[in-house]
Protein chains: 2
Amino acid sequence: MRDNNDMPGHLARRFQQIAVAVFLAEVGDAGFDLTPVQYAALATIKANPGLDQVTLAGLIAYDRTTITGVIDRLVQKGLAERRASSRDRRARELEITDEGKRTLRKITPAVDSAQRIMLRGLSAKEGEELMRLLHKTIAAGNELSRAPLRDMQA
Amino acid sequence: MRDNNDMPGHLARRFQQIAVAVFLAEVGDAGFDLTPVQYAALATIKANPGLDQVTLAGLIAYDRTTITGVIDRLVQKGLAERRASSRDRRARELEITDEGKRTLRKITPAVDSAQRIMLRGLSAKEGEELMRLLHKTIAAGNELSRAPLRDMQA
DNA sequence: GGATATTGCTCAGTATGCTGACTATCAGTA
DNA sequence: TACTGATAGTCAGCATACTGAGCAATATCC
C-alpha cells in the first residue's frame with residue numbers, strides 16, 4: 001500500500017499546517033493577533049475599498065459562509081467596518097479602518113518573514129519552481145472546490 | 001503590496017482546499033463517507049495494528065487533541081476499535097475492524113483517482129517535481145508545527 | 001522509596017471550512 | 001406588473017486544527 005506521505009493530498013495538508021504555524025509564530029512574535037485568513041481578508045479589503053462580501057470571498061477563494069465569521073472578527077477587533085450598501089440592500093460594503101491600515105503596515109515584515117521561513121528548505125530557484133507548480137495545479141483545479149477564486153467584476 | 005496569490009502560505013491553503021474537495025468528491029461518488037483525515041488514520045492503524053494514539057498522531061502529523069475526535073468517529077462508524085493497553089494503563093491500543101479493512105480495500109481506487117485529479121494540471125514530470133519540492137519543504141519545517149511527523153519508536 | 005518530571009489522553013474554547021437551508025432582495029421576463 | 005430565478009448574507013450543524021489546562025499513570029532521579 002502507498003504510504004500516506006507519498007500522497008499529494010497529504011503533502012498539501014502538511015504544507016498548509018506548517019505554513020499556518022509559521023505565520024502565527026512570526027506575527028505573534030511581532031505582537032499581533034491576526035490569522036493568515038484574517039490577514040488576507042484585511043489586505044484585500046484595503047486594496048478594494050467598498051467591496052461586498054461575496055466579491056471579497058471570490059478574490060481570496062473563501063467560502064461565503066466562512067467569510068461572515070472572518071469579517072465578524074475583523075470588525076470586532078476594530079480593523080474593518082461593515083456598512084449597508086446603498087445600491088443593493090442585500091449587500092454589505094466593507095472598509096478598512098485607520099487602525100486596520102496601521103496594523104497592516106506594521107505587520108508586513110512579519111508576514112514577509114513567515115513566507116521566507118516556510119520555504120527555508122528550498123533554494124531560491126526551487127522556491128520559485130514550487131510556486132509555479134502550485135499556481136499551475138491550483139489553476140487547473142480552481143472549479144473543483146466550493147469556493148473557487150474569482151476575478152473582480154469590472 | 002504583494003498579491004495574496006503570490007504568497008506561499010496562500011497557495012498552500014488553496015492547494016489543500018482543492019485536495020480535500022477532490023478527495024471528498026471521489027470518495028463520495030464511490031459511495032463512501034470518509035474524510036481525508038479519517039482515511040489516513042485508518043490506513044495507518046491497519047499498517048501498525050495495536051499502536052497507541054500518540055504514535056498514530058506522530059505517524060501522520062496530527063495534533064494529539066485532534067486525533068481523539070477522529071478516532072471517535074472511526075469507532076462510531078465501526079471501522080476501528082479502541083482498547084485499553086495492558087502494558088500502559090494510560091494508553092489506548094487501536095485496531096482496525098473487518099469492516100474497516102473492507103472499506104479500505106474498496107475505497108482505494110477512489111483515493112488513487114483523487115490523487116491524480118488534484119494534480120491534473122501538471123505533466124507526470126511536473127507532478128513528481130512538485131512532490132519532491134513539497135517533501136523537501138515539509139522536512140525542513142517539520143518541527144515548526146505543534147504536530148510534527150514522527151517515526152515509529154522501535 | 002519518594003519526590004519530581006514526563007507522558008497518554010481528554011476537555012473547553014476558538015478559528016477555519018464545508019453542506020444545506022433560509023430570508024431578503026434584485027433582475028429578467030411574460 | 002406579477003412571476004420566476006438568481007443573488008447576498010446568515011445560520012445550524014459537523015469536521016479538522018490549535019491553545020491551554022487538567023487527570024491519571026509511568027519514568028527518572030536523589
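Since the model is a prediction, treat every value here as computed from it, not as a measurement. Both backbone and side-chain heavy atoms feed into the values below; hydrogens, waters and symmetry mates do not. Every chain is numbered from 1, with letters handed out A, B, ... down the list of sequences.
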**Asked** If you pin B/Lys77 and A/Leu24 to their nearest nucleotides in DNA chain D, which one's is more 5'?
**Response** B/Lys77

**Request:** Test B/Gln53 against B/Arg82 for side chain to side chain donor-acceptor pair (under 3.5 Å), laying out the working first.
**Result:** CA-CA 9 Å; B/Gln53 295 187 189; B/Arg82 182 155 37 188; 2.9 Å; yes

**Asked** If we ignore angles and hydrogens, is there a donor and acceptor under 3.5 Å between the side chains of B/Asn5 and B/Arg14?
**Response** no

**Request:** Please work out if A/Thr65 contacts a base, only the sugar-phosphate, or nothing of the nucleic acid, heavy-atom cut-off 4.0 Å.
**Result:** base

**Prompt:** For the pair made of CG in B/Asp88 and P in D/dA27, what is the distance, rounded to whole Å?
**Reply:** 6 Å

**Request:** Could you check how far OH of B/Tyr62 sits from P of C/dC9, rounded to whole Å?
**Result:** 16 Å

**Asked** Considering only D/dG9, C/dG20, C/dC9, which nucleotide approaches the side chain of A/Ala91 most closely?
**Response** D/dG9

**Asked** Nearest heavy-atom pair of B/Leu24 and B/Pro36: which atoms, and what distance?
**Response** CD2-CD, 4.0 Å

**Message:** Using a 4.0 Å heavy-atom cut-off, does A/Arg13 contact any base of the nucleic acid, only the sugar-phosphate backbone, or nothing at all?
**Reply:** sugar-phosphate

**Request:** Considering just the side-chain nitrogens and oxygens of A/Arg82, establish if one lies under 4.0 Å of OP1 or OP2 belonging to D/dT10.
**Result:** yes

**Request:** Answer with base, sugar-phosphate or nothing: what part of the nucleic acid does B/Ala147 contact at a heavy-atom distance below 4.0 Å?
**Result:** sugar-phosphate

**Request:** May I ask you to verify if any side-chain N or O of B/Gln17 is less than 4.0 angstrom from the OP1 or OP2 atom of C/dT16?
**Result:** no

**Request:** In whole angstrom, give the distance that lies between atom CZ of A/Arg87 and atom P of C/dA27.
**Result:** 11 Å

**Request:** Verify the contact: side-chain N or O of A/Gln16 to OP1 or OP2 of C/dT16, cut-off strictly under 4.0 Å; return yes or no.
**Result:** no

**Asked** So, does the side chain of A/Arg90 form a donor-acceptor pair with the base of D/dT7 at under 3.5 Å?
**Response** yes

**Asked** Closer to the 5' end of DNA chain D via nearest nucleotide, is it A/Asp72 or A/Ala21?
**Response** A/Asp72

**Fill in**
A/Leu56 atom CG is separated from D/dG9 atom P, nearest whole Å, by 10 Å

**Prompt:** Taking the side chain of B/Thr35 as its heavy atoms from C-beta onward, which of D/dA8, D/dT16, C/dT16 lies nearest to it?
**Reply:** D/dT16

**Asked** Regarding B/Ser85 and B/Asp88, is there a side-chain donor-to-acceptor distance under 3.5 Å anywhere?
**Response** no

**Asked** Can you tell which of D/dT10, C/dT10, D/dA17 lies closest to the side chain of B/Arg92?
**Response** C/dT10

**Request:** Quickly work out the B/Asp63 CG to D/dT16 P distance and round it to whole Å.
**Result:** 13 Å

**Message:** Regarding A/Arg89, tell me which of base, sugar-phosphate or nothing describes its non-hydrogen contacts under 4.0 Å with the strands shown.
**Reply:** sugar-phosphate

**Message:** Would B/Lys125 and B/Glu128 count as a salt bridge (Lys or Arg N to Asp or Glu O under 4.0 Å) here? Give the steps.
**Reply:** CA-CA 5 Å; B/Lys125 188 183 291 185; B/Glu128 282 176 29; over 6 Å; no

**Fill in**
Testing D/dA17, C/dC26, D/dT19 for proximity to the side chain of B/Val37, the answer is D/dA17

**Prompt:** Tell me: CD of A/Gln76 to P of C/dT14, nearest whole Å?
**Reply:** 11 Å

**Message:** By the 4.0 Å heavy-atom rule, please label B/Thr66 as base, sugar-phosphate, or nothing.
**Reply:** base

**Item:** Under 3.5 Å donor-acceptor, B/Thr97 side chain and B/Leu79 backbone
**Value:** yes

**Atom-pair distance (CG on B/Leu34; P on D/dA15), nearest Å** = 12 Å

**Asked** Using a cut-off of less than 4.0 Å, is there contact between a side-chain N or O of B/Thr68 and OP1 or OP2 of C/dC9?
**Response** no

**Value in whole Å for how far the P atom of C/dC9 lies from CD1 of B/Ile71** = 8 Å

